[in-house]
Amino acid sequence: MDADEIAGALKLDKASDIPLYAQVRDLLLKEIREARLAEGRRLPPVRRLATLTGVNIMTVARAYKELAELGAIAGRGARGTFVLPRRIAAAEAPATAEKDLRTLRADYANRDVDTFRRMVQMSDVPGMIPFTRAYPDASVIDTSSFEGHLKKAIDARPDYAYSYISPAGLPSLRRAIAKVMRRARGLDLASDDIVITSGGQQALNLVAQLLLKPGDVVLVERPTYFGALDLFRNLGVEPVGVDLESDGPDLGMMESLIESRSPKLLFLMPTFQNPTGLTTSLEKRKAILELSRRRGIAIIEDDCGTELRYRGKPIPSIKSLASDEDPVFYIVGMGKAYIPGIRLGFVAAPTHRVSDIIKMKSISDLHTSPLYQDAFQHYLASDAASKNLALVCSKYRDLLDTVVSELERNMPDGTGLVKPQGGLNLWVTLPSGIDSIDFFLAALQRNVSILVGAHLFPENPDQRSFRLSFGFPDKQATIRGVRALAAAVKDLARPASSRFAAVV
Ligand SMILES: Cc1ncc(COP(=O)(O)O)c(C=O)c1O
């Protein structure tokens with residue numbers, strides 16, 4: 001293909017809600033995957049392709065950058081940009097998928113802890129519809145406004161932007177967060193009780209390292225967030241599961257496990273729980289707080305992305321029901337509702353434990369980037385953040401409704417579905433007789449990745465459930481993806497010998 005032919009293959013739809021750079025990226029990827037753009041082929045220079053297709057240079061530059069990140073192309077200095085050898089996508093290599101299925105099964109039997117990471121890696125190939133993505137896509141975020149604040153942060157205080165700061169974080173960001181928490185969540189936090197972290201994961205890490213030692217037991221919801229299970233296990237702490245009901249944890253089970261296992265900590269996600277999307281009722285939140293008081297057990301309340309509520313009334317957080325004497329550690333990753341990827345989050349600790357959290361933060365990484373903190377506090381304080389949040393909510397409300405209606409229309413009888421009121425995750429249970437690892441591989445063959453539920457249980461995994469996350473913002477691809485999942489279930493209903501045949 002020469003430059004004109006490549007440009008001719010890029011049938012761009014300027015009226016589509018899919019950003020042009022994403023269209024260029026995906027159409028080029030299709031040409032590469034279908035081998036019309038062969039390995040070693042030189043791509044037209046950015047400026048030339050932009051002229052030939054009538055788009056902005058930045059559009060082509062961004063598409064090339066993302067293709068390079070996907071491993072499909074690479075720049076070779078002045079010589080230009082070239083198509084790389086194709087990575088083996090399970091979707092394109094039935095034999096590999098069959099082998100993977102066998103080794104995955106063996107790893108399961110051997111309790112290989114890295115199976116999950118391998119499965120995520122297997123999902124991360126060009127052209128895949130990523131129902132693993134549980135954060136808003138950059139195309140839905142007002143990145144230009146944030147970039148403006150970044151530039152201002154550098155111009156106004158270069159000394160500050162590039163220097164070391166206190167581990168607790170910038171006072172201005174701590175104040176801005178306290179204000180946003182009051183406005184968006186009705187939660188009164190003293191800014192001095194807030195410690196800025198590098199994302200919600202670090203917030204969790206700091207509190208866990210402060211409160212737990214090897215051999216301790218932590219009660220978690222069943223299923224729960226993989227990053228928490230992974231962390232607890234790596235600290236030598238035993239996560240023990242409490243079943244989830246439609247209105248939150250089974251309190252009878254929680255109480256009897258407290259009696260029998262003497263846990264040090266309850267790790268809970270009361271709003272739009274990851275992975276189920278379930279929300280714990282106000283009554284249960286009060287009862288859990290009461291239980292923690294009576295038994296002197298600390299709570300980590302992980303409240304990422306509560307702002308992504310599409311319907312129903314907000315429910316007060318456990319932290320907002322607690323007093324400062326209660327050992328409730330409130331942790332938030334700001335990426336789920338605001339800007340993913342800049343790795344900002346915080347811990348709001350009881351006042352008398354704040355200095356301990358600051359110490360843990362200092363031991364962990366001294367402090368989080370002041371440049372991002374400064375730019376983000378300006379962004380949070382601006383109208384852009386709340387306007388963008390409204391846009392993000394309307395986009396994902398629509399996508400949630402689309403996914404639910406497509407699942408209801410296309411999945412076979414016997415499929416279970418938890419419909420959340422917000423967040424970016426849906427929990428789906430397959431009809432009996434279908435195993436979620438088989439399903440994961442059948443879905444990969446159809447270019448769709450999901451998260452196998454079995455990894456998200458501390459013990460006795462449910463083998464039939466999976467998490468479908470809809471952060472990927474392309475509605476048409478989402479519809480295709482859900483239909484492909486339904487087709488994958490049908491694939492599995494066929495005799496084993498005919499599975500993993502060529503994908504059409
Ligand atoms: C429940 C929950 N807590 C914490 C995190 C980590 O958040 P961050 O990406 O801000 O580190 C995630 C990310 O997926 C999450 O889902």
Side-chain angles (χ1 to χ4, degrees), residues 116-117 120 123-124 130-138 141 169 173 177 180-181 185 194-209 218 220-232 234 239 241 244 248-249 265-280 299-309 317-319 329-348 360-361 364-365 368-369 372-373 376 380 392 396 420 422-427 449-451 453 455-458 467-472:
F116 178 82
R117 273 179 265 276
V120 171
S123 319
D124 181 24
F131 286 150
T132 37
R133 188 179 297 176
Y135 54 88
D137 189 78
I141 304 293
L173 178 59
I177 286 177
V180 166
M181 290 297 119
R185 302 189 178 190
I194 292 173
V195 177
I196 304 299
T197 61
S198 301
Q201 184 67 27
Q202 187 184 49
L204 176 58
N205 207 323
L206 300 184
V207 182
Q209 299 221 36
V218 176
V220 301
E221 293 145 323
R222 283 182 89 244
T224 188
Y225 165 51
F226 178 78
L229 280 183
D230 207 19
L231 170 67
F232 294 141
N234 274 289
L244 272 174
L265 178 73
L266 311 177
F267 170 68
L268 303 169
M269 293 164 277
T271 303
F272 314 141
Q273 199 258 2
N274 180 2
T276 60
L278 286 168
T279 290
T280 299
I299 296 176
I300 294 182
E301 181 177 25
D302 184 340
D303 206 4
C304 292
T306 284
E307 289 85 353
L308 302 183
R309 175 174 279 282
S317 56
I318 296 178
K319 182 72 178 171
F329 293 78
Y330 188 72
I331 64 169
V332 176
M334 300 299 276
K336 299 285 175 185
Y338 295 95
I339 305 185
I342 60 168
R343 310 297 307 134
L344 286 174
F346 70 90
V347 181
M360 298 311 294
K361 171 67 182 168
S364 170
D365 65 350
T368 295
S369 154
Y372 277 158
Q373 290 192 49
F376 189 60
L380 268 189
V392 169
Y396 286 109
L424 294 171
N425 298 318
L426 265 167
W427 187 244
S449 60
I450 49 98
L451 205 65
H455 299 279
L456 310 176
F457 289 77
R467 192 189 80 179
L468 188 166
S469 305
F470 46 94
F472 186 61

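Order of listing sets the numbers, starting from 1, for every ligand and every atom in it.
Between Pro223 and Leu244 the shortest heavy-atom distance is O-CD1, 4.0 Å.
Close approach of ligand 1 to Met269 is summarised as follows: ligand atoms under 4.0 Å from at least one heavy atom of the residue are 1 (C). Using a 4.0 Å cut-off to heavy atoms of Cys304, the atoms of ligand 1 that qualify are 3 (N), 4 (C). The atoms of ligand 1 that sit less than 4.0 Å from any heavy atom of Gly199 are 10 (O), 11 (O). The contact set between ligand 1 and Gly333, taken as ligand atoms under 4.0 Å from a residue heavy atom, comprises 10 (O).
A distance-only check finds a donor-acceptor pair linking the side chain of Thr197 to the backbone of Gly345 [under 3.5 Å]. Not one N or O on the side chain of Arg467 forms a donor-acceptor pair closer than 3.5 Å with the backbone of Ala134.
At the top of the distance list for atom 14 (O) of ligand 1, counting protein heavy atoms only, stands Lys336 NZ, 2.7 Å. Among all non-hydrogen protein atoms, the one lying nearest atom 2 (C) of ligand 1 is Asp302 OD2, 3.3 Å. Nearest to atom 8 (P) of ligand 1 among the protein's heavy atoms is Gly200 N, 3.3 Å. Protein heavy atom in closest approach to atom 16 (O) of ligand 1: Asn274 ND2, 2.8 Å. Nearest to atom 5 (C) of ligand 1 among the protein's heavy atoms is Tyr225 OH, 3.2 Å.
The shortest side-chain heavy-atom distance between Arg185 and Val332 falls under the 4.5 Å cut-off.
With a 4.0 Å heavy-atom cut-off, ligand 1 is reached by the side chain of Arg343 but not by its N, CA, C or O.
Contacts of Pro340 classified as side-chain contact (heavy atoms from CB on, under 4.5 Å), with partners at least two apart in sequence or in another chain: Tyr135, Pro136, Ile141. For Ser198, the side-chain contact (heavy atoms from CB on, under 4.5 Å) criterion is met by Gln202, Lys361, Asp365, Thr368, not counting sequence neighbours.
The shortest N or O to N or O distance between Gln202 and ligand 1 is not under 3.5 Å.
By the 30° and 60° cut-offs, the orientation of the rings of Phe267 relative to Tyr225 is tilted. The aromatic rings of Phe457 and Trp427 are tilted relative to each other, their planes meeting at an angle between 30° and 60°.
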